Structures are given as structure tokens and as C-alpha cells.
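Since the structure is predicted, the reported quantities are computational estimates derived from the model, not experimental observations. All values below were derived from every heavy atom in this structure, side-chain atoms included, with hydrogens, water molecules and symmetry-related copies excluded.
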Amino acid sequence: MNEGKLYYSIGEVAEMLGVNQSLLRFWEKEFRELHPVKNKKGTRSYTKDDIALLKRIYYLTKECGLTLDGARQQLKNDKTPDQRMELVQTLTDVRNFLIQMKQNL
């Protein structure tokens, strides 16, 4: 993620998470905490905080297998980032890096 950038498009965020844009729009309806900025045309712009929340939602639903209700409850009960989520993200990044290196050989 570019540290100097304030807002990210839905396409950029979807690519970061490896999900479809439609899933991000769906999660926006399901999780009240998620509220990207929209312009007059309805184009979404995500902040770093929005992306951190989306990563948490992804982790809870895709990695932990929680239902949407379970993920909502977990977000409500635990406001601090889960260290396991950060570890899974780091390991995923390392795996992707190694796969890329292998492909370049």
C-alpha cells in the first residue's frame, strides 16, 4: 500500500484483497462500520482505516470461516486487531513473494 496515498479506488482495494468489487459493495451493506467516501457519481474511495477493516472482515469470513453475523459480533466484541490476522497476512505475503520468485526463475 502506498504510504503517501490517502484514498484508494474500489478496484485497487479489490486487487489488494484478491476479491471481486461486488463483494466489497456487499460488505459495505452488511457492516455498518464500513463507510467509504462516495462522490456525486457514487464512486467509492477507501481510506487506510477502511482497508484495515476490510482486511479484518476478510480474515474473519474467509480465513476463520465465520458467518457474517459471527464476524459482526467479533468486530463488536474485539476492537483491537487480531495478531493472528496480521500473522496470516504476513505469511500470505511471504508465500506470494516466493511464488513470484519461483516463476521468475
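- Lys5 approaches Lys48 most closely through the heavy-atom pair O-CE, 3.3 Å.
- With hydrogens and angles ignored, the 3.5 Å screen pairs a side-chain donor or acceptor of Asn39 with a backbone N or O of Lys41.
- Using a 4.5 Å heavy-atom threshold, the side chains of Phe26 and Val19 count as separate.
- In this structure, CD1 on Ile57 lies 13.0 Å from NZ on Lys55, to the nearest 0.5 angstrom.
- Clustering ILVMFWY residues whenever any of their side-chain heavy atoms sit less than 4.5 angstrom apart, transitively, puts Val94 in the very cluster that holds Met101.
- Put simply, OH on Tyr7 and CD1 on Ile51 are 11.5 Å apart, with the number rounded to the nearest 0.5 Å.
- Annotation: side chain of Leu53 is not in contact with side chain of Asp49 (no heavy-atom distance under 4.5 Å).
- Counting heavy atoms of neighbouring residues, nucleotides and ligands inside a 6.0 Å radius, atom CD of Gln21 exceeds 12 of them.
- Counting only heavy atoms from C-beta outward, the side chains of Val37 and Asp50 never approach each other to under 4.5 Å.
- A 4.5 Å side-chain heavy-atom check between Leu68 and Arg72 finds at least one atom pair inside the cut-off.
- When all heavy atoms are compared, the tightest approach of Trp27 to Tyr58 is CH2-CA, 3.7 Å.
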Salt bridge (charged side-chain N to carboxylate O under 4.0 Å, His left out) between Arg56 and Glu33, worked out: CA-CA 12 Å; Arg56 182 109 170 102; Glu33 304 90 345; over 6 Å; no

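- In this structure, CZ on Arg25 lies 9.0 Å from CG on Asn20, to the nearest 0.5 angstrom.
- Considering every non-hydrogen atom in both Pro36 and Ser45, the closest pair reads CB-O, 3.5 Å.
- Residues Glu12 and Glu15 form no side-chain contact, since every pair of their non-hydrogen atoms from C-beta on lies 4.5 Å or further apart.
- The structure places CG of Asn96 at 11.0 Å from CG of Leu91, a figure rounded to the nearest 0.5 Å.
- With no hydrogens or angles considered, no side-chain donor-acceptor pair links Thr90 and Asp93 at under 3.5 Å.
- Atom CD of Gln74 sits about 12.0 Å away from atom OG1 of Thr61, to the nearest 0.5 Å.
- Between Leu17 and Leu24 the shortest side-chain heavy-atom distance falls below 4.5 Å.
- Side-chain contact between Ile10 and Glu28 is absent, with no heavy atoms from C-beta onward closer than 4.5 Å.
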